[in-house]
J.: 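Here it is, the structure, as structure tokens.
Atoms considered below: every heavy atom in the structure, side chains included; atoms not considered: hydrogens, waters and symmetry mates.
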Amino acid sequence: MTQTPTKPFRLTHLKELESESIYVLREVAAQFERPALLFSGGKDSIILSYLARKAFAPAKIPFPLLHIDTGHNFPETITYRDWWVEHIEANLLVRYVQDSIDAGRVVEEKGYNASRNVLQTVTLLDAIEELKLDAAIGGGRRDEEKARAKERFFSHRDEFGQWDPKNQRPELWNLFNGKKHIGEHFRVFPISNWTEMDVWQYLYQEQVELPSLYFTHQREILERDSVLLAKSDYIPMRPTETTRPMQVRFRTIGDMTCTGAVLSPASTMEEIIQEVAASRVTERGTRADDKRSEAAMEDRKKEGYF
Amino acid sequence: MEGFSSTGYLDMELLRFTTAGSVDDGKSTLIGRLLYDSKSIFDDQYDAVKASSEKRGEEYVNLALLTDGLRAEREQGITIDVAYRYFATPKRKFIIADTPGHIQYTRNMVTGASTANLAIILIDARNGVVEQTCRHAIIASLLRIPHVVVCINKMDLVDYREEVFLQIKGAFEQFAVQLDLPDVRFLPISALHGDNVVEPSTNMDWFEGTPLLSLLESIEISSDLNHADTRFPVQYVIRPQSTEHHDYRGYAGRIAGGTFVPGSAVKVLPSGQTSTIKSIDFYGDSLEEAYPPMSVTFTLEDDIDISRGDMIVGENETPNVSQDVELMVCWLSEKPLALNGKYALRHTTKDVRCVIKEIRYKLNISTLEKRYDDKSVNMNDIACITLRVTKPLVFDSYHRNRATGSLILIDEGTHNTVGAGMIL
């Protein structure tokens, strides 16, 4: 009964990626009892929650967003977060790294390069246990970093929240296996197949409103080990160090302590896309947290990092 | 960058391809070359690889390190898992499923092949068609990869001679007669020197085809999916329960075959109830049609009982509806397949249980020989089996539709994915 197609059935790459991610998000809602979407205020988690909104419309997103707040955020991130959550009619839960520190669960790093980035893992795993989450949806992408290139869409975590890269479940076709034992959970990465360029093109195509940090602005900058850090109370300065105003924007948004800025005049999404297209370094090249060692991301992921 | 047009970049297609190969056939060099020549390698990635190469005492920048992700792999210099790579040209975005080619890694090759539009099979021009070549071709055929590009590599080491290329092409074609490969192309290349990878070779004037990259950019892929048989596995039921959408009941899923339009008469399988599509919704929009692999939401004219795992098809469609299924299975687990064993089974959006009724034969994936005497199915083996499921499945042969003809088997104790099935 084969009929010859009368016209080409084409989808653009963005449409196909969107369709795949929505499929994965719906699988999460169908296969898990208590999922949550990890929301950081960065563009990947913005796109993720935007896709979740699309996946379940006209109903609301059937799971909450969870923000692990290090307390070292850019103030712009928090302003944006609260606006966005209302905009997409989502529920937001926040858990604080400061609470983990106060409870003695973690000890704050000392020194000039101290960061709460690693500490987040404990707060996240505690939140997963407290909220009895069985799936944490993250915005990780395989193009970001070598250790992520082998990550699954449905990534199994043992009862300690750890990732065992050598013992991952094979993932074939679009048949995702979310079966687990009590106490175990999954990390799910619906935008695994997106690149930084795809993310920007899609945000542009959909005209999604973004935090102002992504666009050029003038800011007091501390240049340290060739990373441009925003001046903040969270970064202790050496007596020899000074800051100066620079015209910058951020390619990724994380903690103020470890997110580097890039010199950029890009003030619109189109200009950002052009800049990304011409860029010669990866977006993680501006992240001080990945520079700690060759396997820095792999080690953090094994421990249960995002 | 020059000539940038944001709309142009928004209108690209996506091509997924798989490469299978061993350490020596130049696979990593080829991928490195594609990434490097298409300017998809960033300076910091290149610098990191250069530093690692120097640390390992290597004389040249080892592009293979770009594709070795995990620490164990870097230490041992091998790939142990499927790695996904991304690059784009102004025409297409590419996803590479990079898999190791040794027989011990059949399960990885099958995994990488399961979502691929195209397979690149690498042959060392000095060695010609070897056992591994046959294995890769058989897997491409079993997994129904629509397009195969056979790259005869290291042409520089055979003085770029046409007769070497023609002899290997002939040998491959002779072997492939027994296979089901609808579209096969041959390319003489040198990944090391870049001949016919991105740029046409100046050393092989006798070759009139296009280089690999332009082939990857232009192969017609929009008709690879099944556009004939309407199939919509219901994934999730959307019920807003708000005042605004009080009576809304939407069936969400991803089109697995054919084209659906509002107003068409449909039936729900396995129950057989019929209705008409009222609307095809997507985030506030009403679509005029939906085809694979779009994720959409259907509403129907009638209020009938439909849940996840049901399949909506055109009213005259006749997919198989049965509790007995015959299939080829690739075994993925260290624990062998158990005859009469019970497994959880997932097919489209449906979860059932099954029992293995019969192991018919095991396939030698280097020679295609069927072995009826040896019925032990171990990791990396491919076998023909039959099974019976607890509830009827609605399916097509894998040959006809990869989405409705594939399934996975799951161990009920460990919950690991242990088998990949292609329905006959």
J.: Take the angle between the ring planes of H87(A) and W84(A) and call it parallel below 30°, perpendicular above 60°, tilted in between.
T.: tilted
J.: Can you tell which of I410(B), T297(B), T318(B), D351(B) has the highest number of heavy-atom pairs within less than 4.5 Å of chain A?
T.: I410(B)
J.: Which bit of E16(A) comes within less than 4.5 Å of chain B, counting heavy atoms only: side chain, backbone, both or neither?
T.: both
J.: Go through Q235(B), H245(B), R402(B) and name the one with the most non-hydrogen pairs under 4.5 angstrom from chain A.
T.: Q235(B)
J.: Pick whichever of N174(A), T12(A), L17(A) has the most heavy-atom pairs under 4.5 Å with chain B.
T.: T12(A)
J.: Give the minimum heavy-atom separation between R249(B) and R239(B), together with the two atoms involved.
T.: NH1-NH1, 2.9 Å
J.: By salt bridge (Lys or Arg N to Asp or Glu O under 4.0 Å), which residues pair with E412(B), not counting sequence neighbours?
T.: R353(B)
J.: If you count heavy-atom pairs within less than 4.5 Å of chain B, which of P58(A), A57(A), A29(A), A55(A) leads?
T.: P58(A)
J.: Measure distances from I221(B) to the heavy atoms of chain A and classify the residue's part below 4.5 Å as side chain, backbone, both or neither.
T.: neither
J.: Flag the one option from R169(A), Q31(A), K15(A) with the top tally of heavy-atom pairs under 4.5 Å to chain B.
T.: R169(A)
J.: Side chain, backbone, both or neither: which part of Y248(B) has a non-hydrogen atom closer than 4.5 Å to chain A?
T.: side chain
J.: Could you tell me which portion of H181(A) (side chain, backbone, both or neither) has an atom closer than 4.5 angstrom to a non-hydrogen atom of chain B?
T.: both
J.: Chain A heavy atoms under 4.5 Å from R16(B): which part of the residue, side chain, backbone, both or neither?
T.: side chain
J.: Answer with side chain, backbone, both or neither: which region of T349(B) has an atom nearer than 4.5 Å to a non-hydrogen atom of chain A?
T.: side chain
J.: Where does R346(B) contact chain A at under 4.5 Å (heavy atoms): side chain, backbone, both or neither?
T.: both
J.: Does the ring center of Y343(B) lie less than 6.0 Å from the ring center of W331(B)?
T.: yes
J.: Look only at the side chain of T299(B) and the backbone of S279(B), and say whether a donor-acceptor pair between them is shorter than 3.5 Å.
T.: yes
J.: Going from CG on L51(A) to OG on S19(A), what distance comes out if it is rounded to the nearest 0.5 angstrom?
T.: 10.5 Å
J.: Please classify the contact between F87(B) and chain A as side chain, backbone, both or neither, with a heavy-atom cut-off of under 4.5 Å.
T.: neither
J.: Less than 4.5 Å to any heavy atom of chain B: does that hold for the side chain of E27(A), its backbone, both, or neither?
T.: both
J.: Show me the pairs that pass salt bridge (Lys or Arg N to Asp or Glu O under 4.0 Å) and involve residues 197-206 of chain A, at least two apart or across chains.
T.: K54(A)-E206(A), D198(A)-K93(B)
J.: What part of S192(A) is in contact with chain B, defined as an atom under 4.5 angstrom from a non-hydrogen atom: side chain, backbone, both or neither?
T.: backbone
J.: Answer yes or no: is there a donor N or O on one side and an acceptor on the other, between the side chain of S21(A) and the main chain of P190(A), under 3.5 Å?
T.: yes
J.: Answer with side chain, backbone, both or neither: which region of S333(B) has an atom nearer than 4.5 Å to a non-hydrogen atom of chain A?
T.: neither
J.: Among F56(A), F32(A), Y23(A), which residue meets the ring pair (Phe, Tyr, Trp, His ring centres under 6.0 Å) test with Y236(B)?
T.: F56(A)
J.: In terms of heavy-atom proximity below 4.5 Å to chain A, should A113(B) be classed as side chain, backbone, both, or neither?
T.: neither
J.: Is the number of heavy atoms from other residues, nucleotides or ligands under 6.0 Å of Q207(A) CD greater than 12?
T.: yes
J.: Side chain, backbone, both or neither: which part of V110(B) has a heavy atom under 4.5 Å from chain A?
T.: both
J.: Where does I238(B) contact chain A at under 4.5 Å (heavy atoms): side chain, backbone, both or neither?
T.: side chain
J.: What part of E20(A) gets within 4.5 angstrom of chain B, counting heavy atoms only: side chain, backbone, both, or neither?
T.: both
J.: Please determine whether the number of non-hydrogen atoms from other residues, nucleotides or ligands lying under 6.0 Å from atom NZ of K179(A) exceeds 12.
T.: no
J.: Please classify the contact of R26(A) with chain B as side chain, backbone, both or neither, using a heavy-atom distance under 4.5 Å.
T.: both
J.: Of the backbone (N, CA, C, O) and the side chain (C-beta and beyond), which part of S242(B) lies under 4.5 Å from a heavy atom of chain A, both, or neither?
T.: neither
J.: Side chain of E171(A), backbone of F154(A): donor and acceptor closer than 3.5 Å?
T.: yes
J.: Around atom NE2 of H246(B), are there more than 12 heavy atoms from other residues, nucleotides or ligands closer than 6.0 Å?
T.: no
